[in-house]
Amino acid sequence: MLTQNNIIIILYSLPIYQLLFYTIQLISFKKSNPSRKYLGLLLLTMTLFLLVNAIYHLGYINMMTKLYYLYIPLIMALLPVFYLYINSLTNKNYEILWFSRFVLFIPPLFVLVLNLLTYGLLTSHRRQMFFNDDHTIFGASLGSAGLPLLVLWLSLLVLLALQIILAVSKFRSLIDTEKALIKQQPGYLAHLQFKWLNIITASLLVFIVAGALQILLSGPKDLPSSVAFNILMLISGGLAGYYGMKQDILLTEVAGVGSVGRPIVLTASNSENINDTLNTNERSVSDEEAEEVIKKVETLFQNEKPYLDKRYSIDDLCRQINTRRSKVTPVINEVIGKNFHSLINDYRVREAIRIMETDESNLTMDTIGDMVGFHSRSTFYACFKKYTGQTPKEFIISGKTGR
(Lines give C-alpha, C1' and ligand atoms only; values in the text may rest on other atoms or scores of the structure.)
Protein backbone atom coordinates (compact mmCIF):
# COMPACT_ATOMS: atom_id res chain seq x y z
CA MET A 1 0.00 0.00 0.00
CA LEU A 2 1.33 3.39 -0.98
CA THR A 3 1.65 5.86 1.84
CA GLN A 4 2.27 9.58 1.52
CA ASN A 5 5.91 9.05 2.51
CA ASN A 6 6.36 6.42 -0.21
CA ILE A 7 4.83 8.70 -2.83
CA ILE A 8 7.15 11.55 -1.84
CA ILE A 9 10.19 9.26 -2.00
CA ILE A 10 9.17 8.13 -5.50
CA LEU A 11 8.67 11.74 -6.60
CA TYR A 12 12.18 12.67 -5.52
CA SER A 13 13.75 9.50 -6.91
CA LEU A 14 12.43 9.67 -10.47
CA PRO A 15 14.30 12.82 -11.61
CA ILE A 16 17.51 11.48 -10.05
CA TYR A 17 17.34 8.13 -11.84
CA GLN A 18 16.41 9.80 -15.12
CA LEU A 19 19.43 12.13 -15.17
CA LEU A 20 21.68 9.38 -13.85
CA PHE A 21 20.63 7.26 -16.85
CA TYR A 22 21.78 9.94 -19.30
CA THR A 23 24.97 10.61 -17.35
CA ILE A 24 25.98 6.93 -17.34
CA GLN A 25 25.42 6.71 -21.10
CA LEU A 26 27.80 9.61 -21.66
CA ILE A 27 30.43 8.13 -19.36
CA SER A 28 30.17 4.71 -21.02
CA PHE A 29 30.90 6.03 -24.53
CA LYS A 30 34.40 5.05 -25.64
CA LYS A 31 35.05 8.11 -27.79
CA SER A 32 34.71 11.69 -26.63
CA ASN A 33 33.48 14.70 -28.54
CA PRO A 34 34.84 18.01 -27.25
CA SER A 35 31.41 18.80 -25.82
CA ARG A 36 30.74 15.41 -24.23
CA LYS A 37 32.67 15.98 -21.02
CA TYR A 38 30.84 19.27 -20.41
CA LEU A 39 27.45 17.75 -21.15
CA GLY A 40 28.28 14.86 -18.83
CA LEU A 41 29.47 17.30 -16.16
CA LEU A 42 26.27 19.35 -16.55
CA LEU A 43 24.01 16.32 -16.16
CA LEU A 44 26.11 15.02 -13.26
CA THR A 45 25.84 18.37 -11.46
CA MET A 46 22.06 18.37 -11.98
CA THR A 47 21.92 14.82 -10.59
CA LEU A 48 23.98 15.74 -7.52
CA PHE A 49 21.78 18.76 -6.82
CA LEU A 50 18.65 16.60 -7.06
CA LEU A 51 20.23 14.09 -4.69
CA VAL A 52 21.08 16.71 -2.05
CA ASN A 53 17.68 18.35 -2.56
CA ALA A 54 15.95 15.02 -1.95
CA ILE A 55 18.00 14.41 1.19
CA TYR A 56 16.96 17.84 2.50
CA HIS A 57 13.25 17.61 1.69
CA LEU A 58 12.93 13.99 2.82
CA GLY A 59 14.19 15.02 6.25
CA TYR A 60 17.52 13.17 6.50
CA ILE A 61 18.90 15.75 8.89
CA ASN A 62 22.09 13.98 9.99
CA MET A 63 23.20 13.50 6.41
CA MET A 64 22.14 17.00 5.39
CA THR A 65 24.19 18.66 8.11
CA LYS A 66 27.30 17.40 6.26
CA LEU A 67 26.09 18.10 2.71
CA TYR A 68 24.58 21.54 3.25
CA TYR A 69 27.79 23.30 2.20
CA LEU A 70 27.25 22.02 -1.37
CA TYR A 71 23.49 22.58 -1.58
CA ILE A 72 23.36 26.05 -3.12
CA PRO A 73 26.81 25.95 -4.82
CA LEU A 74 25.64 22.95 -6.85
CA ILE A 75 22.63 24.73 -8.32
CA MET A 76 24.75 27.84 -8.94
CA ALA A 77 27.40 25.80 -10.77
CA LEU A 78 24.93 24.70 -13.46
CA LEU A 79 25.03 27.86 -15.57
CA PRO A 80 28.87 28.11 -15.68
CA VAL A 81 29.10 24.46 -16.78
CA PHE A 82 26.36 25.07 -19.34
CA TYR A 83 28.28 28.05 -20.73
CA LEU A 84 31.36 25.87 -21.21
CA TYR A 85 29.16 23.26 -22.90
CA ILE A 86 27.77 25.82 -25.38
CA ASN A 87 31.27 27.07 -26.15
CA SER A 88 32.50 23.54 -26.79
CA LEU A 89 29.65 22.98 -29.27
CA THR A 90 30.63 26.12 -31.17
CA ASN A 91 34.36 25.24 -31.22
CA LYS A 92 35.20 28.26 -29.07
CA ASN A 93 36.07 26.47 -25.86
CA TYR A 94 39.78 26.61 -26.68
CA GLU A 95 39.52 30.41 -26.48
CA ILE A 96 38.56 30.34 -22.80
CA LEU A 97 41.64 30.51 -20.60
CA TRP A 98 41.81 28.58 -17.35
CA PHE A 99 41.62 31.83 -15.39
CA SER A 100 38.45 32.80 -17.27
CA ARG A 101 36.94 29.42 -16.48
CA PHE A 102 37.74 29.98 -12.82
CA VAL A 103 35.99 33.38 -12.95
CA LEU A 104 32.82 31.68 -14.20
CA PHE A 105 32.67 29.68 -10.99
CA ILE A 106 33.20 32.61 -8.59
CA PRO A 107 29.46 32.84 -7.59
CA PRO A 108 29.17 29.19 -6.42
CA LEU A 109 32.60 29.39 -4.78
CA PHE A 110 31.59 32.62 -3.05
CA VAL A 111 28.47 30.97 -1.63
CA LEU A 112 30.53 27.97 -0.54
CA VAL A 113 32.84 30.29 1.40
CA LEU A 114 29.84 32.07 2.94
CA ASN A 115 28.43 28.72 4.05
CA LEU A 116 31.76 27.82 5.64
CA LEU A 117 31.89 31.15 7.49
CA THR A 118 28.28 31.06 8.70
CA TYR A 119 26.76 27.60 8.83
CA GLY A 120 30.20 26.03 9.24
CA LEU A 121 30.81 27.91 12.51
CA LEU A 122 27.60 26.67 14.13
CA THR A 123 27.83 23.98 16.78
CA SER A 124 26.52 20.52 16.01
CA HIS A 125 23.42 21.18 18.12
CA ARG A 126 22.66 24.46 16.34
CA ARG A 127 23.07 22.78 12.96
CA GLN A 128 20.44 20.27 13.97
CA MET A 129 18.17 23.14 15.06
CA PHE A 130 18.85 24.91 11.75
CA PHE A 131 17.32 22.01 9.81
CA ASN A 132 14.45 21.55 12.23
CA ASP A 133 13.38 25.17 11.61
CA ASP A 134 11.11 26.33 8.79
CA HIS A 135 13.31 27.54 5.91
CA THR A 136 10.55 28.74 3.61
CA ILE A 137 10.76 32.44 2.93
CA PHE A 138 7.23 33.15 4.19
CA GLY A 139 7.27 31.02 7.31
CA ALA A 140 10.81 31.10 8.62
CA SER A 141 12.00 32.84 11.75
CA LEU A 142 15.61 34.03 11.68
CA GLY A 143 16.16 32.84 15.25
CA SER A 144 19.62 31.79 16.38
CA ALA A 145 20.63 30.54 12.90
CA GLY A 146 19.65 33.74 11.14
CA LEU A 147 22.93 34.38 9.31
CA PRO A 148 23.11 31.00 7.49
CA LEU A 149 19.43 31.43 6.60
CA LEU A 150 20.08 34.90 5.18
CA VAL A 151 22.94 33.47 3.10
CA LEU A 152 20.53 30.83 1.78
CA TRP A 153 17.89 33.36 0.80
CA LEU A 154 20.23 35.99 -0.64
CA SER A 155 22.10 33.36 -2.67
CA LEU A 156 18.92 32.16 -4.30
CA LEU A 157 17.09 35.47 -4.65
CA VAL A 158 19.94 37.77 -5.62
CA LEU A 159 23.02 35.90 -6.84
CA LEU A 160 21.14 33.19 -8.72
CA ALA A 161 18.79 35.76 -10.30
CA LEU A 162 21.78 37.82 -11.49
CA GLN A 163 23.43 34.66 -12.80
CA ILE A 164 20.36 33.78 -14.85
CA ILE A 165 20.06 37.30 -16.33
CA LEU A 166 23.75 37.43 -17.30
CA ALA A 167 23.73 33.86 -18.64
CA VAL A 168 20.70 34.46 -20.89
CA SER A 169 22.28 37.65 -22.21
CA LYS A 170 25.61 35.91 -22.86
CA PHE A 171 23.91 32.95 -24.49
CA ARG A 172 21.91 35.13 -26.88
CA SER A 173 25.01 37.13 -27.80
CA LEU A 174 26.99 33.96 -28.51
CA ILE A 175 24.24 32.42 -30.64
CA ASP A 176 23.73 35.65 -32.61
CA THR A 177 27.47 35.74 -33.35
CA GLU A 178 27.47 32.13 -34.53
CA LYS A 179 24.39 32.64 -36.71
CA ALA A 180 26.12 35.59 -38.39
CA LEU A 181 29.17 33.40 -39.12
CA ILE A 182 26.94 30.63 -40.48
CA LYS A 183 25.45 33.08 -43.00
CA GLN A 184 28.97 33.81 -44.24
CA GLN A 185 30.12 30.17 -44.13
CA PRO A 186 27.06 27.92 -44.70
CA GLY A 187 28.86 24.69 -43.75
CA TYR A 188 30.10 26.15 -40.45
CA LEU A 189 28.62 24.43 -37.38
CA ALA A 190 26.36 22.28 -39.54
CA HIS A 191 25.98 19.95 -36.57
CA LEU A 192 24.49 22.63 -34.32
CA GLN A 193 20.69 22.44 -34.03
CA PHE A 194 19.54 25.77 -32.61
CA LYS A 195 16.06 24.43 -31.89
CA TRP A 196 17.54 21.68 -29.70
CA LEU A 197 19.87 24.18 -28.07
CA ASN A 198 16.96 26.47 -27.21
CA ILE A 199 15.08 23.53 -25.67
CA ILE A 200 18.12 22.57 -23.56
CA THR A 201 18.55 26.18 -22.43
CA ALA A 202 14.88 26.66 -21.53
CA SER A 203 14.79 23.28 -19.76
CA LEU A 204 17.86 24.11 -17.70
CA LEU A 205 16.40 27.47 -16.67
CA VAL A 206 13.12 25.81 -15.64
CA PHE A 207 15.11 23.21 -13.69
CA ILE A 208 17.11 25.89 -11.85
CA VAL A 209 14.08 28.07 -11.08
CA ALA A 210 12.03 25.06 -9.92
CA GLY A 211 14.86 23.91 -7.66
CA ALA A 212 15.33 27.38 -6.17
CA LEU A 213 11.61 27.92 -5.60
CA GLN A 214 11.28 24.54 -3.95
CA ILE A 215 13.99 25.50 -1.46
CA LEU A 216 12.36 28.87 -0.78
CA LEU A 217 8.70 27.84 -0.72
CA SER A 218 8.42 24.14 0.09
CA GLY A 219 8.88 22.56 3.49
CA PRO A 220 10.06 18.96 4.04
CA LYS A 221 7.55 16.25 3.05
CA ASP A 222 5.03 18.74 1.68
CA LEU A 223 3.11 16.54 -0.78
CA PRO A 224 1.43 19.17 -3.03
CA SER A 225 4.64 21.15 -3.55
CA SER A 226 6.67 17.94 -3.93
CA VAL A 227 4.37 16.85 -6.77
CA ALA A 228 4.51 20.22 -8.54
CA PHE A 229 8.24 20.91 -8.26
CA ASN A 230 9.42 17.37 -8.94
CA ILE A 231 7.26 17.04 -12.03
CA LEU A 232 8.81 20.28 -13.29
CA MET A 233 12.32 18.99 -12.60
CA LEU A 234 11.51 15.59 -14.08
CA ILE A 235 10.28 17.14 -17.35
CA SER A 236 12.97 19.82 -17.60
CA GLY A 237 15.80 17.45 -16.65
CA GLY A 238 14.50 14.85 -19.09
CA LEU A 239 14.34 17.32 -21.98
CA ALA A 240 17.82 18.67 -21.24
CA GLY A 241 19.23 15.13 -21.14
CA TYR A 242 17.35 13.89 -24.20
CA TYR A 243 18.20 16.79 -26.51
CA GLY A 244 21.73 17.00 -25.12
CA MET A 245 22.22 13.36 -26.10
CA LYS A 246 20.69 13.96 -29.55
CA GLN A 247 23.05 16.87 -30.12
CA ASP A 248 25.99 14.77 -28.97
CA ILE A 249 25.11 11.92 -31.35
CA LEU A 250 24.65 14.35 -34.24
CA LEU A 251 28.05 15.91 -33.53
CA THR A 252 29.64 12.44 -33.72
CA GLU A 253 27.90 11.75 -37.04
CA VAL A 254 28.91 15.07 -38.61
CA ALA A 255 32.43 15.55 -37.20
CA GLY A 256 34.95 15.07 -40.01
CA VAL A 257 32.41 14.99 -42.84
CA GLY A 258 33.95 16.71 -45.84
CA SER A 259 37.27 17.25 -44.03
CA VAL A 260 40.74 16.12 -45.07
CA GLY A 261 39.75 16.78 -48.66
CA ARG A 262 38.18 13.42 -49.41
CA PRO A 263 36.44 10.41 -48.89
CA ILE A 264 39.39 8.23 -49.87
CA VAL A 265 39.98 7.57 -53.56
CA LEU A 266 43.10 5.68 -54.62
CA THR A 267 44.08 6.16 -58.24
CA ALA A 268 47.37 6.35 -60.06
CA SER A 269 47.23 10.14 -59.94
CA ASN A 270 46.75 10.56 -56.22
CA SER A 271 48.21 7.49 -54.51
CA GLU A 272 51.53 9.28 -54.12
CA ASN A 273 49.83 12.15 -52.26
CA ILE A 274 48.19 9.70 -49.91
CA ASN A 275 51.55 8.07 -49.21
CA ASP A 276 52.85 11.53 -48.28
CA THR A 277 49.97 11.83 -45.85
CA LEU A 278 50.79 8.47 -44.33
CA ASN A 279 54.35 9.57 -43.61
CA THR A 280 53.43 12.94 -42.12
CA ASN A 281 52.99 11.80 -38.51
CA GLU A 282 53.70 8.78 -36.41
CA ARG A 283 51.07 6.12 -36.95
CA SER A 284 50.10 3.05 -34.98
CA VAL A 285 50.00 1.16 -38.30
CA SER A 286 52.66 1.06 -40.99
CA ASP A 287 52.30 2.87 -44.32
CA GLU A 288 51.94 -0.44 -46.15
CA GLU A 289 49.20 -1.66 -43.80
CA ALA A 290 47.37 1.66 -44.04
CA GLU A 291 47.48 1.72 -47.83
CA GLU A 292 46.26 -1.88 -47.98
CA VAL A 293 43.29 -1.12 -45.72
CA ILE A 294 42.45 2.04 -47.69
CA LYS A 295 42.45 0.13 -50.99
CA LYS A 296 40.20 -2.59 -49.56
CA VAL A 297 37.75 -0.07 -48.15
CA GLU A 298 37.62 1.99 -51.34
CA THR A 299 37.09 -1.10 -53.52
CA LEU A 300 34.32 -2.37 -51.22
CA PHE A 301 32.57 0.99 -51.04
CA GLN A 302 32.73 1.56 -54.81
CA ASN A 303 31.56 -1.91 -55.81
CA GLU A 304 29.04 -2.88 -53.13
CA LYS A 305 28.01 0.36 -51.37
CA PRO A 306 27.41 -1.36 -48.01
CA TYR A 307 27.07 2.03 -46.30
CA LEU A 308 23.54 2.30 -47.74
CA ASP A 309 22.48 -0.01 -44.91
CA LYS A 310 21.42 2.14 -41.94
CA ARG A 311 22.72 -0.50 -39.53
CA TYR A 312 26.15 -0.70 -41.13
CA SER A 313 28.86 -0.79 -38.46
CA ILE A 314 32.63 -0.84 -38.24
CA ASP A 315 32.44 -4.52 -37.30
CA ASP A 316 30.62 -5.17 -40.58
CA LEU A 317 33.36 -3.32 -42.45
CA CYS A 318 36.14 -5.30 -40.75
CA ARG A 319 34.42 -8.57 -41.55
CA GLN A 320 33.88 -7.65 -45.20
CA ILE A 321 37.51 -6.65 -45.81
CA ASN A 322 38.78 -9.49 -43.58
CA THR A 323 40.87 -7.16 -41.41
CA ARG A 324 41.09 -6.81 -37.65
CA ARG A 325 39.33 -3.83 -36.08
CA SER A 326 42.54 -2.92 -34.23
CA LYS A 327 44.09 -2.21 -37.65
CA VAL A 328 41.09 -0.59 -39.37
CA THR A 329 40.27 1.93 -36.65
CA PRO A 330 43.73 3.61 -36.57
CA VAL A 331 43.71 3.90 -40.37
CA ILE A 332 40.32 5.66 -40.33
CA ASN A 333 41.14 7.89 -37.36
CA GLU A 334 44.83 8.66 -37.87
CA VAL A 335 45.42 8.35 -41.61
CA ILE A 336 42.11 9.33 -43.19
CA GLY A 337 41.46 11.81 -40.39
CA LYS A 338 37.83 10.90 -39.71
CA ASN A 339 35.78 8.70 -37.45
CA PHE A 340 33.85 5.74 -38.85
CA HIS A 341 30.53 7.61 -38.85
CA SER A 342 31.87 10.61 -40.76
CA LEU A 343 33.62 8.31 -43.25
CA ILE A 344 30.47 6.44 -44.26
CA ASN A 345 28.40 9.63 -44.08
CA ASP A 346 30.77 11.17 -46.62
CA TYR A 347 29.92 8.35 -48.98
CA ARG A 348 26.22 8.63 -48.20
CA VAL A 349 26.26 12.33 -49.07
CA ARG A 350 28.10 11.60 -52.33
CA GLU A 351 25.47 9.00 -53.19
CA ALA A 352 22.69 11.46 -52.35
CA ILE A 353 24.30 14.03 -54.66
CA ARG A 354 24.51 11.43 -57.44
CA ILE A 355 20.79 10.65 -57.04
CA MET A 356 19.85 14.34 -57.03
CA GLU A 357 21.89 15.03 -60.17
CA THR A 358 20.62 12.04 -62.16
CA ASP A 359 17.12 11.27 -60.86
CA GLU A 360 14.12 12.94 -62.46
CA SER A 361 11.40 11.33 -60.34
CA ASN A 362 11.23 14.22 -57.86
CA LEU A 363 12.02 12.12 -54.82
CA THR A 364 11.52 13.89 -51.50
CA MET A 365 14.55 14.79 -49.39
CA ASP A 366 13.47 12.37 -46.67
CA THR A 367 13.23 9.56 -49.22
CA ILE A 368 16.70 10.28 -50.58
CA GLY A 369 18.17 10.45 -47.07
CA ASP A 370 16.56 7.11 -46.26
CA MET A 371 17.78 5.55 -49.52
CA VAL A 372 21.42 6.42 -48.88
CA GLY A 373 21.44 5.11 -45.31
CA PHE A 374 20.85 8.08 -43.01
CA HIS A 375 18.82 7.11 -39.98
CA SER A 376 17.34 10.59 -39.37
CA ARG A 377 16.47 13.75 -41.25
CA SER A 378 18.59 15.89 -38.94
CA THR A 379 21.72 13.80 -39.58
CA PHE A 380 21.17 13.83 -43.36
CA TYR A 381 20.69 17.60 -43.49
CA ALA A 382 23.62 18.34 -41.16
CA CYS A 383 26.06 16.07 -43.03
CA PHE A 384 24.90 17.34 -46.41
CA LYS A 385 25.32 20.97 -45.37
CA LYS A 386 28.74 20.27 -43.86
CA TYR A 387 29.85 18.58 -47.09
CA THR A 388 28.36 20.99 -49.65
CA GLY A 389 27.64 24.21 -47.74
CA GLN A 390 23.98 23.89 -48.78
CA THR A 391 20.91 22.07 -47.52
CA PRO A 392 19.62 19.32 -49.87
CA LYS A 393 16.76 21.57 -51.02
CA GLU A 394 19.12 24.48 -51.71
CA PHE A 395 21.39 22.11 -53.65
CA ILE A 396 18.56 20.91 -55.89
CA ILE A 397 17.29 24.45 -56.48
CA SER A 398 20.76 25.71 -57.36
CA GLY A 399 21.24 22.71 -59.68
CA LYS A 400 17.98 23.41 -61.51
CA THR A 401 18.82 27.10 -61.74
CA GLY A 402 22.23 26.33 -63.20
CA ARG A 403 20.89 24.14 -65.98
Side-chain angles (χ1 to χ4, degrees), residues 33 89 179 182-199 242-243 245-267 294 296-317 320-321 332 336-403:
N33 292 323
L89 282 176
K179 285 184 176 179
I182 289 172
K183 287 182 179 180
Q184 299 173 9
Q185 308 171 45
Y188 176 66
L189 296 183
H191 63 273
L192 198 58
Q193 300 293 307
F194 289 103
K195 181 180 178 180
W196 297 355
L197 208 54
N198 287 332
I199 293 174
Y242 174 73
Y243 282 100
M245 291 291 293
K246 284 191 70 171
Q247 181 63 75
D248 180 78
I249 293 170
L250 184 60
L251 179 56
T252 302
E253 296 277 354
V254 177
V257 168
S259 66
V260 198
R262 59 177 184 270
I264 46 175
V265 179
L266 275 176
T267 63
I294 289 174
K296 286 182 178 180
V297 172
E298 179 61 24
T299 300
L300 174 69
F301 282 9
Q302 283 185 341
N303 296 338
E304 301 183 28
K305 299 183 179 180
Y307 49 83
L308 298 181
D309 183 354
K310 294 181 182 180
R311 297 169 297 178
Y312 192 62
S313 69
I314 191 168
D315 291 326
D316 295 328
L317 171 62
Q320 289 172 333
I321 64 174
I332 295 175
I336 301 175
K338 300 177 182 287
N339 60 48
F340 173 74
H341 296 290
S342 60
L343 174 66
I344 63 172
N345 285 340
D346 261 341
Y347 278 91
R348 287 167 174 167
V349 170
R350 291 170 68 196
E351 182 67 15
I353 291 172
R354 186 193 66 77
I355 293 173
M356 292 176 187
E357 291 177 338
T358 59
D359 188 83
E360 297 294 337
S361 61
N362 295 320
L363 295 171
T364 66
M365 297 302 100
D366 289 346
T367 300
I368 293 174
D370 186 71
M371 287 172 59
V372 299
F374 285 104
H375 57 77
S376 72
R377 175 190 176 93
S378 57
T379 303
F380 175 41
Y381 270 62
C383 290
F384 196 96
K385 190 170 184 179
K386 178 77 178 293
Y387 192 95
T388 65
Q390 296 176 300
T391 66
K393 289 182 179 179
E394 290 170 344
F395 182 83
I396 287 182
I397 292 172
S398 64
K400 290 180 178 179
T401 306
R403 289 174 185 171

Before you tell me yes or no, could you show the steps for Asn345 and Ser342 under side-chain hydrogen bond (donor to acceptor under 3.5 Å, both in side chains), namely the whole-Å CA-CA distance, both residues' side-chain angles and the distance that decides it to 0.1 Å? CA-CA 5 Å; Asn345 285 340; Ser342 60; over 6 Å; no
Side chain to side chain contact (heavy atoms under 4.5 Å, CB included) evaluation trace for Tyr347 with Gln302: CA-CA 9 Å; Tyr347 278 91; Gln302 283 185 341; 5.6 Å; no
Might you work through the side chain to side chain contact (heavy atoms under 4.5 Å, CB included) test for Ile249 and Thr379, ending with a clear yes or no? CA-CA 9 Å; Ile249 293 170; Thr379 303; over 6 Å; no
Verify side chain to side chain contact (heavy atoms under 4.5 Å, CB included) between Ile353 and Phe384, making sure each step is shown before the conclusion. CA-CA 9 Å; Ile353 291 172; Phe384 196 96; 3.7 Å; yes
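The closest donor-acceptor contact from the side chain of Asp316 to the backbone of Ser313 lies under 3.5 Å. Between the side chain of Asn198 and the backbone N or O of Phe194 there is at least one donor-acceptor pair closer than 3.5 Å. One N or O on the side chain of Gln247 and one on the backbone of His191 form a donor-acceptor pair closer than 3.5 Å.
In this structure, the side chains of Pro306 and Leu317 stay at 4.5 Å or more apart for every pair of heavy atoms. The shortest distance between side-chain heavy atoms of His375 and Glu253 falls below 4.5 Å. Side-chain atoms of Glu357 and Phe395, non-hydrogen and from C-beta on, do get closer than 4.5 Å to each other. Residues Ile332 and Val297 have side chains not in contact (no heavy-atom distance under 4.5 Å, counting atoms from C-beta outward). Between Met365 and Ile396 there is a side-chain heavy-atom pair separated by less than 4.5 Å.
The number of heavy-atom neighbours closer than 6.0 Å to OH of Tyr242, taken from other residues, nucleotides and ligands shown, is 12 or below.
Under a cutoff of 6.0 Å and an axis angle of 45°, Arg377 and Phe380 do not form a cation-pi pair.
Across every non-hydrogen atom of Ala382 and Val254, the tightest pair is CB-CG2, 3.6 Å. Of all the heavy atoms in Ile368 and Ala352, the pair that sits closest is CG2-CB, 3.9 Å. Nearest heavy atom pair, residue Gln320 against residue Leu300, reads OE1-CD2, 3.3 Å. The minimum heavy-atom distance linking Lys338 with Asp346 is given by the pair NZ-OD2, 2.5 Å.
How far NZ of Lys179 is from CG of Leu192: 9.5 Å, rounded to the nearest 0.5 Å. Thr299 contributes atom OG1, which lies 10.0 Å from atom NZ of Lys296 (distance to the nearest 0.5 angstrom). We find the CG-OH distance between Leu250 and Tyr243 to be 13.0 Å, quoted to the nearest 0.5 Å. Atom CG of Leu251 sits about 6.5 Å away from atom CG of Leu89, to the nearest 0.5 Å.
Between Tyr312 and Phe301, the ring-plane angle classifies as perpendicular under the 30° and 60° cut-offs.
Classification of Glu351 and Arg348 as a salt-bridged pair fails, no side-chain N sitting under 4.0 Å from a carboxylate O.
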